[in-house]
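Here's the structure we're looking at; comments come further down.
What you are looking at is a predicted structure, and each value in this text was computed from that prediction instead of being measured. Letters A, B, ... are given to chains in the order of the sequence lines, protein chains preceding strands, and every chain is numbered from 1.
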Amino acid sequence: MAEEKDQRYDPAVIEQKWQERWAANPRLYAAEPPTSSKPKYYVLEMLPYPSGQLHMGHVRNYAIGDALARQMWMRGYNVLHPMGWDAFGLPAENAALKNNTPPRQWTLGNIAAMKRQMQRIGYSYDWATEITTCLPDYYRWNQWFFLRMYEKGLVYRKKSKVNWCPECATVLANEQVVDGCCWRHEETKVEQRDVEQWFLRTTAYAQELLDGLDKLEGWPEKVRTMQRNWIGRSEGTEVDFFLATDDIVAGSTDAPAVFSPKPDTVRIRVFTTRIDTIFGATSVQLAPEHPLVTFFASADAALKAQVDMLLAEQKKAREAGDVGAIEKHGVPTGKFAVNPYNGERVPIWVANYVLMEYGTGAIMSVPAHDERDFEFARKYGIEIREVIQPAEDSVQNENGAKLLPFLSEEGILVNSGQYNGLPCAEAQKRLQEVAARSAFGEGKIIFRLKDWGVSRQRYWGTPIPMIHCERDGVVPVPYDKLPVILPEKIEITQQGGSPLARVPEFVNVTCPKCGGPARRETDTMDTFVDSSWYFYRYTDAHNDKAPFDPAKVQYWFPIDQYIGGVEHAILHLIYSRFWTKVMRDLGMVKNDEPATRLFTQGMVIKDGAKMSKSKGNVVSPDDMVARYGADATRMYALFAAPPDRDLDWQEDGVAGVSRFLGRVWRIVTRHAPIARGAGSAQPSSKTQEGGAPLRRKLHQTIAKITLDFEGRWHFNTCVAAIMELVNELQDADARLSAGEIPAPVVRELLTTLVLLLAPFAPFLAAELWEELGGEGAILNAPWPKSDPGLAREDEIEIPVQINGKLVSVVRVAAGADSKTTEAAALADGKVKARTAGKAVVKVIVVPGRAVNLVVK
RNA sequence: GCCUGGAUGGCGAAAUUGGCAGACGCAGCGGACUUAAAAUCCGCAGGCCUUAACCGGCCGUGGGGGUUCAAGUCCCCCUCCGGGCACCA
């Protein structure tokens with residue numbers, strides 16, 4: 001009975017043994033210093049939020065990175081493979097409310113638990129470089145960066161409309177609003193409030209962030225496209241309409257080339273990408289929040305009432321999240337604007353679809369050549385005037401009438417005075433020049449990207465190192481007073497505003513400038529600040545003089561491979577790129593971008609839906625590990641689907657992988673004595689050995705897996721290839737036992753199998769490596785090399801088709817030429833039977849691939 | 001609306017350059033071992049038709065067209081599903 005049990009693969013025993021051994025050797029996964037003679041390789045997985053337990057998405061993400069890191073070690077690289085904790089954030093405060101546990105205690109407890117899980121799963125992290133963003137030795141550098149950026153003019157304060165989540169009782173970044181609701185409370189509608197906020201000037205780098213995307217060839221095109229759209233560059237013209245006063249005469253038929261207003265005329269600046277259509281502008285539309293609207297309304301109670309309604313509508317729509325869906329509404333102001341190019345008077349409207357925060361908050365409305373303007377003009381009976389003659393007739397319907405609006409820029413100008421006949425592109429250039437020369441406009445590039453609001457009215461975050469003095473205004477905390485420590489004795493309540501404001505010892509300070517009484521800033525930083533530069537800190541995690549040593553960063557950066565979820569494609573990855581560029585301009589780093597290659601893995605789903613508590617389809621990694629072992633769990637995560645696709649979790653599949661690992665264990669342990677007996681003898685030339693087909697399969701497998709690690713990363717097929725190899729070994733089991741395969745070949749087969757398995761199932765690989773008498777840690781054993789001579793097939797099968805349909809398969813020598821292949825195909829019995837009495841019109845031979853006979 | 005990714009057996013998937021569709025695994029079925037079960041090992045396995053069986057035939061990668069000796073793969077049109085952005089002037 002006991003003997004039988006010994007015959008069984010027992011991951012619990014093996015994994016515990018190796019976990020203990022690895023824990024006893026903390027330098028195992030440590031990177032060598034920059035003086036290393038090995039080439040460097042920095043592989044990084046996105047650091048988790050310490051929620052308390054790993055989920056399957058983490059397990060998968062880290063299994064991918066771990067396989068890569070281990071393989072790179074075996075290939076002789078100096079690997080940096082760190083891990084840390086994105087430890088600030090709201091859940092800690094929520095937990096404090098719920099369980100009456102201090103946020104720090106809750107967070108650190110979670111970190112300890114998750115670290116245990118990671119170690120149990122056997123990820124190859126160098127824990128000596130671990131970082132925890134909620135500890136002062138980390139967040140002090142957030143404050144340091146904030147001050148440096150403040151000096152550089154990249155930090156400013158402004159009152160602005162912000163997204164307010166009533167649930168969190170705090171401000172959210174634009175990026176944290178999802179469909180009008182809070183990203184953490186999907187059911188809670190976000191309100192708009194005016195709050196004084198700290199901003200980072202991300203827009204200063206808008207163009208560079210955009211241009212940089214073209215060079216990031218190692219990033220998924222999807223992510224680059226998403227970022228391009230997010231940055232949203234628009235090239236166009238800003239142009240001033242003039243507020244018409246009584247002494248301005250309506251445009252006459254022979255309008256002046258350029259209208260000259262009186263010097264004190266009020267200007268209404270609009271932004272357009274289609275200045276070439278300006279002669280078709282039949283109204284000017286203002287955003288309801290536009291200052292001029294406020295001015296008009298102040299003298300017109302009826303207008304004010306209508307504008308207030310528009311505002312209320314907009315607010316409601318914004319809170320509902322379907323801003324685009326509300327019906328286009330407008331109110332005429334009764335005022336007129338004058339087109340600067342021809343002096344034409346057009347009515348000024350207030351429209352609910354014009355956004356104050358984009359462009360100038362005012363537009364010229366050209367119904368004939370813009371979808372929204374068209375819809376609006378139709379609704380209110382505003383004139384629709386065509387000013388572009390399309391190049392083709394494609395915009396006509398069957399009756400020959402033009403389909404409006406006509407948006408294409410393929411055409412020439414009409415009804416546009418002296419500009420008639422110009423192609424659109426040419427007209428844009430000319431009209432822009434005229435505007436600039438006459439000082440009523442200019443070419444302009446605008447971005448949708450906004451500055452990054454980093455203030456949070458929350459406790460559990462990095463304190464913003466600023467002081468408010470009645471006399472001196474805003475005064476930065478001096479560098480030598482950093483860090484501003486987040487107080488720990490604090491009462492977390494559900495009341496709005498910052499909890500820090502209720503801690504007098506924290507708030508009341510003396511002004512660094514005048515020494516008078518002052519108040520400390522009580523807002524904390526967005527947690528995205530923490531994650532914008534954490535990967536630099538890993539290179540020098542214990543530096544207490546600076547965020548990092550630039551020399552170390554220069555050695556390790558850019559990150560060679562960054563791996564994480566696609567949900568961070570925009571926020572985290574744009575902020576990180578911004579931060580890198582700022583640090584470069586501060587002279588701290590030399591690289592322009594944080595990471596050369598980015599890999600976004602797919603989601604882990606179950607029963608067709610993303611795992612979530614509410615759906616009740618969450619699979620706990622702990623359960624899986626307890627039942628099938630860490631090796632089986634992580635290997636299944638790599639086997640069930642290619643890493644970039646969604647993975648459907650099927651527990652039976654984990655059991656299958658576990659069975660497979662058991663088979664490996666049995667085969668290797670059964671024949672290990674033969675392998676060990678071979679000593680260091682090398683297999684002799686293949687012609688003398690019975691093991692040639694097995695060696696062929698082995699070397700084909702090495703080649704396949706090695707190639708996949710080069711970038712395709714279809715680890716599912718890597719695992720499948722190992723399974724095929726094991727199946728062949730299994731088939732040869734009797735011959736192995738009978739000693740029909742030379743011992744050196746057995747040794748080669750088994751040790752190589754174990755080496756190939758090492759990135760995917762590190763515990764079992766380590767165990768079997770030891771069993772086979774392998775020297776040192778398998779992590780430092782060289783990755784096997786495929787011998788093409790041994791991998792080559794002697795004979796290959798060639799499908800033979802007749803008129804494209806498979807008829808037979810013939811065997812020919814590998815490398816056979818067209819003639820030989822054709823002869824073999826024509827000599828085949830089935831082929832002969834099919835072609836008897838018919839004319840073979842044509843024979844297509846693709847050597848090594850296929851033969852196709854065209855037969856009549 | 002715009003930008004993306006995807007659709008292949010009962011299920012997860014494979015086919016990297018157009019060349020035997022379904023590797024590998026799960027579930028299933030049959031057998032060996034066992035008093036029995038578990039575990040393990042061996043085998044079968046896309047669908048339909050035909051046959052006692054072997055053999056054989058036809059169909060088949062979301063739908064429709066096309067290019068090609070040859071299409072899961074390339075081109076055009078369409079449907080459905082996922083992700084991102086969205087009154088952006």
Would you mind reading off the distance between [X] atom [atom1] and [N] atom [atom2], rounded to a whole angstrom?
X: A:Asp708; N: B:A23; atom1: CG; atom2: C1'; result: 14 Å
X: A:Met356; N: B:C87; atom1: CE; atom2: C1'; result: 16 Å
X: A:Lys610; N: B:G83; atom1: NZ; atom2: P; result: 9 Å
X: A:Gln700; N: B:A23; atom1: CD; atom2: P; result: 18 Å
X: A:Lys697; N: B:C24; atom1: NZ; atom2: C1'; result: 10 Å
X: A:Arg448; N: B:G84; atom1: CZ; atom2: P; result: 15 Å
X: A:Lys328; N: B:G1; atom1: NZ; atom2: C1'; result: 11 Å
X: A:Arg663; N: B:C26; atom1: CZ; atom2: P; result: 7 Å

Give [X] one of three labels, base, sugar-phosphate or nothing, depending on what nucleic acid heavy atoms sit under 4.0 Å from its own.
X: A:Gly232; value: nothing
X: A:Val354; value: base
X: A:Asn727; value: sugar-phosphate
X: A:Arg670; value: nothing
X: A:Glu371; value: nothing

Which nucleotide, if any, forms a Watson-Crick or G-U wobble pair with [N], using both distances under 3.5 Å?
N: B:U17; answer: none
N: B:G12; answer: B:C24
N: B:C29; answer: B:G43
N: B:U79; answer: B:A7
N: B:G1; answer: B:C85

No-H, no-angle donor-acceptor pair, [X] side chain to [N] base, under 3.5 Å:
X: A:Gln801; N: B:G19; answer: yes
X: A:Arg849; N: B:U17; answer: yes
X: A:Asn852; N: B:C69; answer: yes

*Would you call the rings of A:Trp649 and A:Tyr636 parallel, tilted or perpendicular if under 30° counts as parallel and over 60° as perpendicular?*
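Answer is perpendicular, since the angle exceeds 60°.
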Within the structure, does a side-chain N or O atom of [X] lie under 4.0 Å from either OP1 or OP2 of [N]?
X: A:Arg659; N: B:C24; answer: no
X: A:Ser234; N: B:A89; answer: yes
X: A:Asn229; N: B:U4; answer: no
X: A:Tyr358; N: B:A89; answer: yes
X: A:Lys805; N: B:C59; answer: yes
X: A:Arg712; N: B:A15; answer: yes
X: A:Arg228; N: B:C85; answer: no

Between [N] and [M], how far apart are the two [atom1] atoms, rounded to whole Å?
N: B:G47; M: B:G10; atom1: C1'; value: 12 Å
N: B:C3; M: B:C11; atom1: P; value: 33 Å
N: B:C20; M: B:U73; atom1: C1'; value: 15 Å
N: B:G72; M: B:U8; atom1: P; value: 15 Å
N: B:A37; M: B:G62; atom1: P; value: 43 Å
N: B:A70; M: B:G19; atom1: C1'; value: 7 Å
N: B:U61; M: B:U51; atom1: C1'; value: 30 Å
N: B:C75; M: B:C81; atom1: P; value: 24 Å

*Step through it carefully: locate the ring centre of A:Tyr9, locate the ring centre of A:Tyr628, and say whether they are under 6.0 Å apart.*
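That pair fails the under 6.0 Å test.
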_Less than 6.0 angstrom separating the ring centers of A:Phe376 and A:Trp349, yes or no?_
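When the ring centroids of A:Phe376 and A:Trp349 are compared, they turn out to be within the sub-6.0 Å range.
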Name the closest nucleotide to the [X] side chain, picking from [options].
X: A:Glu797; options: B:C85, B:C20, B:C3; value: B:C20
X: A:Ile844; options: B:G19, B:A21, B:A89; value: B:G19
X: A:Glu724; options: B:U16, B:A23, B:C87; value: B:A23
X: A:Gln730; options: B:A89, B:G84, B:C42; value: B:C42
X: A:Met723; options: B:U16, B:A89, B:G25; value: B:G25
X: A:Thr273; options: B:G19, B:C85, B:A89; value: B:A89
X: A:Asp731; options: B:C59, B:C42, B:C3; value: B:C42

*When you look at A:Tyr358 and A:Lys450, which way does the side-chain contact (heavy atoms from CB on, under 4.5 Å) test go after all the steps?*
CA-CA 10 Å; A:Tyr358 184 78; A:Lys450 290 181 190 136; over 6 Å; no
*A:Tyr341 side chain to A:Leu431 main-chain N or O, any donor-acceptor pair under 3.5 Å?*
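Answer holds: yes.
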*Is there a donor-acceptor pair under 3.5 Å between the side chain of A:Asp631 and the backbone N or O of A:Leu764?*
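A pair under 3.5 Å: yes.
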*Given RNA chain B, 5'-ward residue of the pair A:Lys704 and A:Asn352, judged by closest heavy atom*: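 Upstream on the strand: A:Lys704.
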_One character per nucleotide, please: for nucleotides 5-13 of chain B, 5' to 3', B when the base has a protein heavy atom closer than 4.0 Å, S when only the sugar-phosphate does, - otherwise._
------SBS
*Heavy-atom closest pair, residues A:Ile268 and A:Ala337*: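 A:Ile268 and A:Ala337 have their closest heavy atoms at CD1-CB, 4.1 Å.
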